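Every chain is numbered from 1 and lettered A, B, ... according to where its sequence line falls, protein lines coming before strand lines. Just so it is clear, the model here is predicted, and its values are computed rather than measured. Every heavy atom of this structure was used, including side-chain atoms; hydrogens, water molecules and symmetry mates were not.
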Amino acid sequence: MNRISTIFDWLGGAVVMAFRAFRMLPEAPRIMKRTIEQALHGGYLSLPIVSILSFFIGAVLALQAGYALQDFGAKQLIGTLVGEALVRELGPVFVAILVAGRVASAVTAELASMRVYQEVDALVTMNIPPERFLVLPRLLAALCYMPVLTMIGIIIGWIGGAVVCNYVDFIGIAPAEYFQSVKQYLTTTKLLHGLIKAEIFGFVVILIACNTGLRTRGGPREIGFAVTDSVVYSLMAILSLDFFITKALGG
Amino acid sequence: MKKHIQKERFQSEPRQPATIGQTRTPVGVEVRNLGKKYGAQTVLTDISLKIEPGEIFTIMGPSGSGKSVLLRQIAGLEAPTSGAVAINGHNPADPDTRDRFAIALVFQAGALFNSLSVYDNLALYPLEHRIGTRAQIRDRVMRALKILSLEGAVNKNPSELSGGMKKRVAIARALVMEPQLLLYDEPTSELDPVMSATIGEIIATLKQEYQVTSIVVSHDRDLALTISNRVAILMRGKLLSLSDPAGLRRDTTPEIIDFLNPKIDLRNPRYKNMAA
């Protein structure tokens, strides 16, 4: 019973935090500098790892599709499969997982140490709401960089697939033919659905990170626990939300 | 209880907007029947105090007696389990109360923002509350740094400062707020005797020059008996004594005598067989 009430307390705290943060949205121009800093740390600095990961996801997807489809003589569908899988599923999910591992963990560690070393208390005594000073810039930044990172990830994943299709002998599809196949069934709606997923994942992951960090009590050991909790909760949220969002969007 | 205190003791006061270079009127603090529990552990029991505007009030007591917890209740950082705290009749946890009276807390470890320079730490409050132009804020920050002899540290990061400098920066940050109530949590802990004396002088000067009400939580007997108008002694979460420094020196309660005059017993049998 106690554990259930803790879960509801945590979830309620996250919702209240998001509500308080967005109630301060009219003050967004005042936190523009901090939002840009967060976008730089979270988005721009994640670009190399997103690019590398996405390239290999596209590449391995094309390779697996090649093995599976060659028996049916349907190799020309590899581009479609890679294109659709990256746009609808793998792009948003893997970028969100990367953000959970790279950005959310850092956010939780920073906020948890601020909490443990009383910097958050100092903000409260100065009558500066932590939701405005710490949470809102991170949430706004995530809403800005998530679709951009996801779009870049998708495009680089497509390129990874193209490289495999071109250079792996038993596939042997030229890039022009591959990209024609990618485009064939791709629609703006599908792309939009992928970006909506990315936005929701980014928002939820950073909210989890902020909530976990700011609820930390104790000492340095608890900061480590908070980071672990944040990443685990984020992964659980990404994969479970993925199902519901996919169902709600119809694909 | 909170409403009761408000109605009985204090009149509601008009809002005093924060302005550059103005000393504000000091405030009074009332703690009534305050109790605090963490789960099954009782930390504070039935504490009642009244701190007059403009006085230096020191809370002393052994480690674990609940001094810092009491200070956090007064600062509005934690809600009491029972009883109430009122600052000129207002609940300190209410953001409007903080806005009205500018309550500053100097934390034991400074609680400086490590991601900001010393200047930015000090400028944060006026910038966030839009008090004055950038030039006025700079004047205000530099004045606070000058009072604390910290002009040379203006562009440093808190991680580059010594313990004593961190304390002084934390006091300067509180001073920039032009507070009516200034709370100090162990301001001389981890400092050498010379730096402790300096911090004591700073606290006394701030009270004289700015008429700020100061509440100091400290283990430091010399500091407490030198600068305070009144001293409260907490033991095991209860208020054991409340008097002026002269009265405290005359107090014959054995626990207070033991606390104020600890002796090192080199033949204490308790520690005889420690090596075994």
Side-chain angles (χ1 to χ4, degrees), chain A residues 2 5-6 9 13 16 20-21 23-24 26-38 40-42 106-138 141 213-220 222-223, chain B residues 18 38-39 68 71-79 87 92-116 120-131 158-159 166 169-171 173-179 181-186:
Chain A
N2 194 23
S5 71
T6 307
D9 181 44
V16 169
R20 281 186 183 159
R23 210 176 50 179
M24 290 163 186
E27 298 181 54
R30 292 175 64 188
I31 56 161
M32 193 58 77
K33 190 181 164 204
R34 280 198 295 281
T35 305
I36 292 168
E37 278 171 10
Q38 291 300 324
L40 185 76
H41 284 296
V107 166
T108 304
E110 186 183 359
L111 299 192
S113 66
M114 287 184 77
R115 168 61 83 187
V116 167
Y117 296 111
Q118 296 184 310
E119 290 177 38
V120 175
D121 287 340
L123 280 178
V124 173
T125 55
M126 288 186 205
N127 216 11
I128 300 169
E131 290 85 3
R132 185 185 76 203
F133 191 75
L134 300 172
V135 179
L136 189 57
R138 287 167 172 83
L214 289 177
R215 291 171 79 90
T216 305
R217 298 286 185 280
E222 280 70 23
I223 297 173
Chain B
Y38 294 106
S68 294
L71 197 73
R72 289 177 67 81
Q73 317 289 312
I74 294 170
L77 290 172
E78 288 180 18
I87 294 173
D94 184 351
D96 284 345
T97 307
R98 298 179 201 285
D99 203 23
R100 189 189 301 249
F101 299 120
I103 303 160
L105 172 54
V106 177
F107 290 85
Q108 185 172 356
L112 302 174
F113 302 109
N114 271 317
S115 56
L116 303 178
D120 289 336
N121 263 281
L122 268 66
L124 187 63
Y125 177 82
L127 278 174
E128 283 292 317
H129 292 276
R130 297 174 177 168
I131 301 170
S159 60
K166 277 184 190 169
V169 172
I171 295 173
R173 186 174 68 180
L175 200 56
V176 167
M177 292 171 67
E178 295 180 352
L181 175 61
L182 191 41
L183 311 171
Y184 301 87
D185 190 5
E186 302 282 6

If every non-hydrogen atom of [X] is compared with every non-hydrogen atom of [Y], which pair is closest and at what distance?
X	Y	value
B:R173	A:A122	NH2-CB, 3.6 Å
A:T125	B:F107	OG1-CE1, 4.2 Å
A:E119	B:F113	O-CE2, 3.3 Å
B:H129	A:R30	N-NH2, 4.1 Å

Handout entry: Option in B:L112, B:V106, B:L127 with maximal non-hydrogen atom pairs under 4.5 Å from chain A
Key = B:L112

Problem - Heavy-atom side-chain contact between A:L123 and B:E128 under 4.5 Å - result: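 Side-chain contact under 4.5 Å: no.
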
Exercise for the section: Taking the side chain as every heavy atom from C-beta outward, state whether A:I128 and B:L124 have any pair of such atoms under 4.5 Å apart. Expected result: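 In contact.
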
Completion exercise
Rounded to the nearest 0.5 angstrom, the CG-CD distance for B:D185 and A:Q118 is 7.0 Å

Problem - Heavy-atom proximity to chain B below 4.5 Å, by part of A:I31 - result: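 A:I31 has no heavy atom closer than 4.5 Å to chain B.
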
Handout entry: Exceeds 12 heavy-atom contacts within 6.0 angstrom, atom CZ of A:R217
Key = yes

Handout entry: Atom CZ of A:R20: over 12 foreign heavy atoms under 6.0 Å
Key = no

